[in-house]
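Read the structure below first, then the notes.
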Amino acid sequence: MQQVRTRFAPSPTGFMHLGGLRSALYTYLYARKNDGAFVLRIEDTDQQRYVEGAVEAIYRSLRMAGLNWDEGPDVGGDYGPYIQSQRKDMYLPYAQELVKKGKAYYCFCTKERLDGLRAQYEARGETFKYDKHCAHLCADEVQTRLGAGEPYVIRQNVPDHSQADFDDVLFGHIAVDTDTLDDMILIKSDGMPTYNFANVVDDHTMGITHVMRGSEYLSSTPKYNLLYDAFGWQRPVYIHMSPIMADAHRKLSKRHGDPSFEDLLNQGYLKEAIVNYIALLGWSPGDDREFFTLDEMVQAFDLKGLSKSPAVFDPLKLRHFNFTYLQRMDVDAFEAAMLPWIADAIDTTRFDTRRLAELLQPRCEVFSELAPKLGFLSEMPDYDTALFANKRMKTDAVSALTVLDELMPLLAAVPVWSEDALHDAVTAYIAGQGCKNGYVLWPLRIALSGWENTPAGAFEIAGLLGRQETLSRLGRSAAKLRAAL
RNA sequence: GCCUCCAUGGUCUAGCGGUCUAGGACGUCGCCCUCUCACGGCGGAAACAGGGGUUCGAGUCCCCUUGGGGGUGCCA
């Protein structure tokens with residue numbers, strides 16, 4: 001049995017979108033699952049669309065995601081070059097071979113004539129189809145015009161009144177009437193092949209056995225197969241994959257503000273979480289498992305689990321995956337990973353970052369949301385003493401002031417400044433008062449943080465701030481209360 | 001318009017003729033825990049698009065309708 005060879009063939013038009021990444025993922029998984037080769041090919045036949053740095057962005061994203069390719073522009077291989085523009089010279093001879101076989105023809109029609117034709121079809125409410133005007137040119141005329149240097153394209157000669165069909169492993173047998181198929185352009189007037197032609201030639205010459213690509217190619221695949229048949233080439237196995245949508249109507253796209261893979265990374269999402277989440281957007285392992293490493297995905301991957309309908313991207317569920325991945329990190333790893341994200345918010349040399357990591361980890365879905373939660377640590381915020389009043393805690397400004405005044409000497413007397421010691425001291429005080437924890441802890445936490453909500457409790461905050469800062473804040477808050485009363 | 005594909009809760013999905021009073025996850029709602037915010041625990045609401053067939057029996061097969069996607073470029 002021949003070795004499975006799959007390819008991911010993006011065009012470098014910008015950055016790696018989640019849809020592209022997912023296509024690459026499935027393509028990669030299928031190759032690995034079958035001990036095959038995963039090939040990266042850059043489809044840059046459209047010179048107009050060249051974007052600076054786009055190829056590097058593809059490399060970067062793929063590597064980051066762990067989707068290592070066996071052959072490609074930068075790693076080489078036996079079927080190179082792997083960039084279409086560098087293969088430019090090999091397409092024309094293939095097209096000419098087709099012309100000889102009567103399966104393609106030179107076309108000299110101008111843009112103007114084509115536009116006029118298109119307008120006519122549109123007026124009649126019909127789908128545009130090239131009228132094969134140039135297919136009827138005699139060989140001599142073609143040679144003459146070619147010799148005169150007249151611009152030309154080469155078109156596929158699709159037979160009339162016939163059927164073109166193929167089988168897709170997901171969508172099954174698909175057959176269309178060739179009368180609905182246009183004579184698509186194979187070679188453009190600039191000498192470059194169109195995607196339509198290049199992909200066929202490249203997939204064949206690169207020995208690609210399984211063509212996995214977006215379902216937008218589903219309707220042109222019959223035409224590609226006419227080409228395979230004309231050459232006498234073996235058709236590849238086709239697996240068309242449905243797109244990732246932003247909502248029911250719109251495909252996910254950077255143009256509309258949807259995040260690219262690197263955007264998500266920059267927002268504080270873990271690459272493993274992203275890859276895991278998008279893997280499940282349109283693919284199911286068949287059981288209830290949701291969390292996979294890349295290797296586990298390879299083991300579990302099966303084309304049968306691919307969905308035929310588009311999948312809507314849910315940012316909330318991505319967050320959930322990221323949260324779960326963050327919770328699974330050990331504290332050391334979490335601490336190391338979180339530090340760059342909080343360095344701008346607080347002076348990390350001033351606080352026990354290990355303790356911070358312990359406190360923050362269960363409250364963190366995405367790294368980028370950490371910094372805003374820590375502002376109160378750096379500097380005591382300005383706040384309204386109304387915060388001390390809490391109905392459920394049965395506290396108000398008066399009770400708070402009393403508690404703070406009584407607490408300060410107790411805390412000042414704690415021999416070793418630790419959360420445990422603080423806890424013991426305050427708990428003893430609460431027991432002596434015979435009140436609820438909240439009656440004391442609510443005002444304490446407000447007095448220390450100035451915030452209604454904090455990612456830690458009173459003891460933790462006091463521990464983090466240290467003796468001096470804690471006592472200073474308590475003193476200032478008590479004064480503030482006194483002034484307000 | 002024409003060609004073509006798809007169709008289970010708000011979202012991702014399991015289901016491949018009886019085991020479905022339709023399972024899981026996210027989200028959502030309620031309760032518990034609780035010094036806040038979270039975490040966590042428990043519980044709830046929520047779907048087979050509609051209509052015809054086929055069959056003893058249909059979420060599962062067929063047809064139509066509806067809805068949605070894709071194509072209809074010298075873009076990929």
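Quick note on labels: first sequence line is chain A, next is B, and so on, each numbered from 1. Because the structure is a prediction, the values reported are computed rather than measured.
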Taking only the side-chain heavy atoms of A:R363 (C-beta and beyond), determine which of B:A76, B:A38, B:G27 contains the nearest atom. B:A38
May I ask you to say what A:A311 touches in the nucleic acid, namely base, sugar-phosphate or nothing, with a heavy-atom cut-off under 4.0 Å? sugar-phosphate
When you measure from the centre of the six-membered ring of A:F261, is the NZ or CZ of A:R22 under 6.0 Å away and within 45° of the axis? no
Give a yes or no on whether the ring-centroid distance for A:Y26 and A:F301 is below 6.0 angstrom. yes
Using whole Å, report how far CD1 of A:I278 lies from P of B:U13. 13 Å
Could you tell me whether A:C107 contacts a base, only the sugar-phosphate backbone, or nothing, with contacts defined as non-hydrogen atoms closer than 4.0 Å? nothing
Counting only side-chain nitrogens and oxygens, does A:K188 get under 4.0 Å of the OP1 or OP2 atom of B:A76? yes
State which of B:U11, B:G71, B:C3 makes the closest approach to the side chain of A:S219. B:G71
Report which part of the nucleic acid A:S307 touches: base, sugar-phosphate, or nothing (heavy-atom distance under 4.0 Å, all strands). sugar-phosphate
Please report the distance, rounded to the nearest Å, between CD in A:Q361 and P in B:C37. 21 Å
Which listed nucleotide (B:C2, B:C26, B:U13) is nearest to the side chain of A:T127? B:C2
Nearest to the side chain of A:K317, heavy atoms from C-beta on, is which of B:G24, B:C35, B:C74? B:G24
Between A:R41 and A:D203 (salt bridge meaning N to carboxylate O under 4.0 Å), is one present in this structure? yes
Considering the options A:L444, A:V440, A:I446, which one meets the side-chain contact (heavy atoms from CB on, under 4.5 Å) requirement together with A:W442? A:I446
Determine the contact category for A:A9: base if any of its heavy atoms lies under 4.0 Å from a base atom, sugar-phosphate if only primed atoms, P, OP1 or OP2 are that close, otherwise nothing. nothing
Among B:U36, B:C35, B:A76, the one nearest any side-chain atom of A:N453 is B:U36
Tell me what A:S309 touches on the nucleic acid: a base, only sugar-phosphate, or nothing, going by heavy atoms under 4.0 Å. sugar-phosphate
I want to verify a distance call: between B:C74, B:A76, B:C5, whose nearest atom is closest to the A:N196 side chain? B:A76
Rounded to whole angstroms, how far apart are CD on A:E216 and P on B:G73? 16 Å
Distance, rounded to the nearest Å, where A:K129 contributes NZ and B:G71 contributes C1': 15 Å
Sugar-phosphate, base or nothing in reach of A:F313, heavy atoms under 4.0 Å: nothing
Would you mind pulling out the nucleotide paired to B:C42, Watson-Crick or G-U wobble, both distances under 3.5 Å? B:G30
Would you say A:H320 reaches B:A25's phosphate, i.e. side-chain N/O to OP1/OP2 under 4.0 Å? no
How would you label the contact of A:F321 with the nucleic acid (heavy atoms, under 4.0 Å): base, sugar-phosphate, or nothing? nothing
Indicate, with a heavy-atom threshold strictly under 4.0 Å, whether A:V312 touches base, sugar-phosphate, or nothing. sugar-phosphate
Among B:C3, B:A76, B:C5, the nucleotide that comes nearest once only the side chain of A:L218 is considered: B:C5
Reckon A:R118 touches a base, only the sugar-phosphate, or nothing at all at heavy-atom distances under 4.0 Å? sugar-phosphate
Determine the contact category for A:T13: base if any of its heavy atoms lies under 4.0 Å from a base atom, sugar-phosphate if only primed atoms, P, OP1 or OP2 are that close, otherwise nothing. nothing
Give me the distance, rounded to whole Å, that separates B:C26 from B:C35 when you measure between the C1' atoms they each carry. 30 Å
What nucleotide, of B:C35, B:A25, B:C26, holds the atom closest to the side chain of A:D314? B:C26
A:F323 near the nucleic acid: base, sugar-phosphate alone, or nothing, with a heavy-atom cut-off under 4.0 Å? sugar-phosphate
Taking only side-chain nitrogens and oxygens of A:T45, does any of them come within less than 4.0 Å of OP1 or OP2 of B:A76? yes
Taking the minimum atom-to-atom distance to the side chain of A:L281, which one of B:C35, B:C6, B:C12 wins? B:C12
May I ask you to check whether A:Y269 and A:F321 place their ring centres under 6.0 Å from each other? no
For the residue pair A:R7 and A:T27, confirm or rule out a side-chain donor-acceptor distance under 3.5 Å. no
Contact class for A:G214 vs. all strands (heavy atom < 4.0 Å): base, sugar-phosphate, or nothing? nothing
A:K304 or A:T180, whichever maps to the more 5' nucleotide of RNA chain B: A:T180
Rounded off to whole Å, could you give me the CG-to-C1' distance for the A:L377 and B:U36 pair? 14 Å
Can you measure A:R124 atom CZ to B:C2 atom P for me and round it to whole angstrom units? 15 Å
The nucleotide from B:C6, B:C26, B:G68 with an atom nearest the side chain of A:L316 is B:C26
Glycosidic torsion of B:C39 (syn if within 90° of 0, anti otherwise) classifies it as syn
Are A:K132 and A:Y105 in a cation-pi setup, meaning NZ or CZ lies under 6.0 angstrom from the ring centre and within 45 degrees of the ring axis? no
Does OP1 or OP2 of B:C37 have a side-chain N or O of A:R445 closer than 4.0 Å? no
Send over the distance from A:D302 CG to B:A14 C1', rounded to a whole Å. 14 Å
Just to be sure I understand the rule, does A:E126 reach a base, reach only the sugar-phosphate, or reach nothing, if contact means heavy atoms closer than 4.0 Å? base
Have a look at A:H240 and say if it touches a base, only the backbone sugar-phosphate, or nothing, with a 4.0 Å heavy-atom cut-off. nothing
Tell me if the NZ atom of A:K436 is crowded by more than 12 foreign heavy atoms within 6.0 Å. no
Separation of B:U34 atom C1' from A:E452 atom CD, nearest Å, is 15 Å
